[in-house]
Novice: 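If you scroll down you'll find the structure; I have some questions about it.
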Amino acid sequence: MKYWSQGRKRTRGPNRCIALNHHEERVVLRLNEFGQLIGANAHLLSSFIGIIARDGQKAPINYFDWRKVPMERKMDMWLAVLSKYEIATDEQPQVKKWVFGKIRQFWKNWKSKLKKTHYDPFHTTRKRLQYHPDRVDPVQ
């Protein structure tokens, strides 16, 4: 006798950063003396960065390497972060470096997951386009 369903495994789904959407004004971030983000809402930044990295309009997956992504796209990502977070001007260069490193990491992991689940199983381009995830632009 089986107690679990025979269908697909239920998962949590994509992160939509609902907690951040409830903030009316920008979230204030601070750094400690070691350059680490501190504060009650610092953990939301990592979730928000993950959303940016999986957004095909801001971080397109058709680039082979993060270093090949145009600086204009990267600046759009940084401006998206600044639209939600208030960061002291003197701390911005340090936070910006950390943010770009995290976006790169999330972007690379997202591309890897897509390749594993939606590219490798299908042997033709037609099948890949037929079964692409809704969150990915078919052109990319």
Side-chain angles (χ1 to χ4, degrees):
M1 176 183 260
K2 294 183 179 180
Y3 294 102
W4 59 86
S5 68
Q6 298 295 329
R8 287 180 50 153
K9 181 180 176 183
R10 284 186 57 183
T11 59
R12 294 178 60 191
N15 181 5
R16 295 176 293 175
C17 214
I18 294 172
L20 188 60
N21 292 334
H22 293 305
H23 289 281
E24 306 251 335
E25 59 269 347
R26 296 186 325 173
V27 177
V28 178
L29 290 179
R30 300 283 179 239
L31 296 178
N32 64 11
E33 64 271 10
F34 304 111
Q36 300 165 331
L37 292 169
I38 57 173
N41 297 316
H43 68 282
L44 293 175
L45 179 59
S46 185
S47 297
F48 185 66
I49 288 171
I51 291 171
I52 291 173
R54 291 184 297 272
D55 182 357
Q57 301 300 318
K58 289 185 175 61
I61 60 172
N62 56 343
Y63 293 100
F64 180 72
D65 190 336
W66 174 253
R67 293 170 291 191
K68 302 291 184 192
V69 176
M71 188 50 81
E72 301 87 44
R73 295 285 184 130
K74 293 178 183 178
M75 289 311 295
D76 288 343
M77 294 177 225
W78 175 242
L79 292 176
V81 170
L82 289 179
S83 72
K84 294 283 186 179
Y85 292 93
E86 185 176 322
I87 304 164
T89 307
D90 59 329
E91 297 174 343
Q92 281 189 8
Q94 200 171 8
V95 175
K96 184 177 181 180
K97 182 177 178 181
W98 182 84
V99 164
F100 282 158
K102 285 306 235 181
I103 292 175
R104 178 190 162 276
Q105 177 186 0
F106 285 135
W107 178 78
K108 187 176 177 184
N109 290 345
W110 174 240
K111 282 182 58 167
S112 175
K113 180 180 178 185
L114 286 175
K115 185 174 187 301
K116 180 180 175 185
T117 57
H118 295 284
Y119 186 84
D120 290 342
F122 305 109
H123 299 293
T124 64
T125 303
R126 175 177 272 168
K127 285 285 188 186
R128 289 180 189 129
L129 289 173
Q130 184 179 356
Y131 294 106
H132 78 279
D134 296 334
R135 295 168 30 172
V136 176
D137 186 7
V139 176
Q140 294 181 12

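Note that this is a predicted model, so its numbers are computed, not measured.
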Novice: Taking the side chain as every heavy atom from C-beta outward, state whether L44 and F48 have any pair of such atoms under 4.5 Å apart.
Specialist: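 A side-chain contact is absent here, since even the closest heavy-atom pair is not under 4.5 Å.
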Novice: Does the side chain of W78 reach to within under 4.5 Å of the side chain of V95, using non-hydrogen atoms?
Specialist: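 The answer is yes, as the side chains (C-beta and beyond) meet within the 4.5 Å cut-off.
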Novice: Run Y85 and R26 through side chain to side chain contact (heavy atoms under 4.5 Å, CB included) and show every step you take.
Specialist: CA-CA 5 Å; Y85 292 93; R26 296 186 325 173; 5.8 Å; no
Novice: Is S112 reaching over with its side chain to a backbone N or O of N109, donor-acceptor style, under 3.5 angstrom?
Specialist: no
Novice: I'd like to know whether V28 forms a side chain to side chain contact (heavy atoms under 4.5 Å, CB included) with R30, so could you lay out the CA-CA distance, the side-chain angles of the two residues, the decisive distance to 0.1 Å, and finally the verdict.
Specialist: CA-CA 7 Å; V28 178; R30 300 283 179 239; 3.3 Å; yes
Novice: Which heavy atom of A59 sits nearest a heavy atom of A53, and at what distance?
Specialist: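 Minimum heavy-atom contact is CB-O, 3.7 Å.
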Novice: Output, in order, the C-alpha distance, side-chain angles, deciding distance and verdict of side chain to side chain contact (heavy atoms under 4.5 Å, CB included) for Q94 and L31.
Specialist: CA-CA 9 Å; Q94 200 171 8; L31 296 178; 3.4 Å; yes
Novice: Just verifying a value: how many Å separate W66 CH2 and K111 NZ, rounded to the nearest 0.5 Å?
Specialist: 11.0 Å
Novice: Can you tell me how far the CD atom of E91 sits from the CD atom of E86, to the nearest 0.5 Å?
Specialist: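 With rounding to 0.5 Å, CD (E91) is 11.0 Å from CD (E86).
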Novice: So which atom in D65 and which in R67 form the shortest heavy-atom distance, rounded to 0.1 Å?
Specialist: OD2-NH2, 2.5 Å
Novice: Could you give all pairs that pass the side-chain hydrogen bond (donor to acceptor under 3.5 Å, both in side chains) test and reach residues 96-108, with sequence neighbours left out?
Specialist: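 Applying side-chain hydrogen bond (donor to acceptor under 3.5 Å, both in side chains) to every pair that reaches into residues 96-108, excluding sequence neighbours, yields K102-Q105.
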Novice: Any idea which heavy atoms bring G56 and R73 closest together, and the distance?
Specialist: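 Looking at all heavy atoms of both residues, the closest pair is O-NH1, 4.2 Å.
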Novice: Quick one: CD1 on I51 to CD1 on I103, what's the gap to the nearest 0.5 Å?
Specialist: 12.0 Å
Novice: Using the rule that two of Ile, Leu, Val, Met, Phe, Trp, Tyr join whenever any of their side-chain heavy atoms come within less than 4.5 Å, decide whether F64 and F100 are in one cluster.
Specialist: no
Novice: With a cut-off of 6.0 Å (strictly less than), are more than 12 heavy atoms of other residues, nucleotides or ligands near NZ of K74?
Specialist: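 Atom NZ in K74 is packed in, count exceeds 12.
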Novice: Quick check: is I87 connected to M75 through a chain of hydrophobic side chains (ILVMFWY, heavy atoms under 4.5 Å apart)?
Specialist: yes
Novice: So how far is it from K84 NZ to I49 CD1, rounded to the nearest 0.5 Å?
Specialist: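 It is 14.0 Å, given to the nearest 0.5 Å.
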